[in-house]
Amino acid sequence: MRILILLLALFATPVAACGIDSDCEVPGGTYRIYVPDGGADGAIFFAHGYGGSAAGTMRNDRLRALAGRLGVALVALASAGKDWALPNAPEHGNDPPRDEIAYVAAVKADVVAQFGLDPDRMLLAGFSAGGMLTWNVICQGGDLFAAFVPMSGTFWKEPPQSCDTDAAVTHYHGTADTVVPIGGRAIGSSRQGDMGEVLAFYVRDRALTPAGPVDAPDGLSCQRWDGKEGTYLEYCTHPGGHRFSADWIERVWTRDMK
């Protein structure tokens, strides 16, 4: 019997480490990660939309290809339920709601410790509800990332009273978006925020100044306000609906993460 046990241990298949197809566990939740074969110099964190998952992010071939092309890790965040627990959001079914800022900070600490990634070369992007999460991290944990790319999502109901940190922010939104309209819309007992109010709040709160014309690829119209020490807010619109492009994230990474 002892010999049989030793043989089974010798030939047993090792348990796969967390990664693309299996969850990495941190306090408060899980995440998944893709590291290109040649290694990674930094990471793009991505927050999915309502009802999405980390597994769904990993199935996005364009995001995976982007990470491989840039030589960075793709870190897929995961909501605790169907949605992120955000201030003023409609009932999300989590009781008590998860501290999303603490969760994101825990994921960052874990990828640094477990995968040896550079903590100063990390960007957070999010789409739709994930864009809403991104805006909340901007104002409550802006020092966690070197740049932020919220897409088609902002605060629920209204902006917060203030943002605690300066950040480099590039927001993308479709002028024909009917799921999360630029002007906002009522959802249940709350409403999606008005991007005009958010822009005015952030420019005023961070004492940003207009920076003039912004070069942008075809299909994008962008304006920018600058702050201290290279921080800024850039707002780009496109004529489409509720969508995002990996190219938009790449545009920010190649410009800002040198």
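Heads up: numbering here begins at 1 and tracks the sequence. The figures here come from the full heavy-atom set of this structure, side chains too, leaving out hydrogens, waters and symmetry mates.
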A side-chain contact here means heavy atoms from C-beta on lying under 4.5 Å apart; do [X] and [Y] qualify?
X: Trp84; Y: Pro97; result: no
X: Tyr202; Y: Pro159; result: no
X: Asp177; Y: Ile182; result: no
X: Leu66; Y: Ile44; result: yes

Measuring from [X]:[atom1] to [Y]:[atom2], what's the distance to the nearest 0.5 Å?
X: Phe127; Y: Trp248; atom1: CZ; atom2: CH2; value: 8.5 Å
X: Thr237; Y: Met195; atom1: OG1; atom2: CE; value: 10.5 Å
X: Ser152; Y: His238; atom1: OG; atom2: NE2; value: 5.0 Å
X: Tyr103; Y: Leu133; atom1: OH; atom2: CG; value: 9.0 Å
X: Phe201; Y: Glu158; atom1: CZ; atom2: CD; value: 10.5 Å
X: Met58; Y: Ile20; atom1: CE; atom2: CD1; value: 6.5 Å

Following the transitive rule for hydrophobic clusters with a side-chain heavy-atom cut-off under 4.5 Å over Ile, Leu, Val, Met, Phe, Trp and Tyr, establish whether [X] and [Y] coincide in one cluster.
X: Val35; Y: Leu124; answer: yes
X: Val198; Y: Tyr235; answer: yes
X: Met257; Y: Phe46; answer: yes
X: Trp253; Y: Tyr34; answer: yes
X: Leu233; Y: Ile249; answer: no

With no hydrogens and no angle check, is any side-chain donor or acceptor of [X] less than 3.5 Å from a backbone partner on [Y]?
X: Ser128; Y: Gly130; result: no
X: Asp194; Y: Gly196; result: yes
X: Gln192; Y: Gly183; result: no
X: Arg185; Y: Val179; result: yes

Going by side-chain hydrogen bond (donor to acceptor under 3.5 Å, both in side chains), name the residues that satisfy it together with [X], two or more places apart in sequence or in a different chain.
X: His173; result: His171
X: Tyr232; result: Thr170, Arg255, Asp256
X: Tyr31; result: Asp110

Are more than 12 heavy atoms, taken from residues, nucleotides or ligands other than Arg62, located less than 6.0 Å from that residue's CZ atom? no
Evaluate whether atom CD of Glu25 has more than 12 neighbouring non-hydrogen atoms of other residues, nucleotides or ligands under 6.0 angstrom away. no
Please output the side-chain donor-acceptor pairs of residues 136-144 that fall under 3.5 Å, not counting sequence neighbours, one pair per line with the distance.
residue, atom, partner, partner atom, Å
Asn136, ND2, Met132, O, 2.9

Going by the ring pair (Phe, Tyr, Trp, His ring centres under 6.0 Å) test, which pairs reach into residues 140-163, not counting sequence neighbours? Phe45-Phe145, Trp135-Phe155, Phe145-Phe148
Keeping to residues at least two apart or across chains, list the ring pair (Phe, Tyr, Trp, His ring centres under 6.0 Å) pairs with something in residues 56-83. none
Search all heavy atoms of [X] against all heavy atoms of [Y] and return the closest pair with its distance.
X: Ala146; Y: Ala168; result: O-CB, 3.8 Å
X: Thr175; Y: Pro239; result: OG1-CA, 3.4 Å
X: Ala129; Y: Leu86; result: O-CD1, 4.3 Å
X: Ala125; Y: Met151; result: CB-CE, 4.3 Å
X: Ala54; Y: Arg32; result: CB-CG, 4.0 Å
X: Tyr172; Y: Arg251; result: OH-NH1, 3.0 Å

Using the test salt bridge (charged side-chain N to carboxylate O under 4.0 Å, His left out), find all partners of [X] that sit at least two apart in sequence or belong to another chain.
X: Asp41; value: Arg121
X: Asp205; value: none
X: Asp166; value: Arg206, Lys228
X: Arg64; value: none

Please list, one pair per line, the donor and acceptor atoms closer than 3.5 Å that link side chains of residues 208-224 to other protein atoms, with sequence neighbours excluded.
residue, atom, partner, partner atom, Å
Arg224, NE, Asp226, OD1, 2.8
Arg224, NH2, Asp226, OD1, 3.3

Considering only distance and modelled atom types, tabulate donor-acceptor pairs under 3.5 Å from the side chains of residues 67-81, sequence neighbours left out.
residue, atom, partner, partner atom, Å
Arg69, NE, Glu250, OE2, 3.2
Arg69, NH2, Glu250, OE1, 2.8
Ser79, OG, His48, NE2, 3.4
Ser79, OG, Gly81, O, 2.6

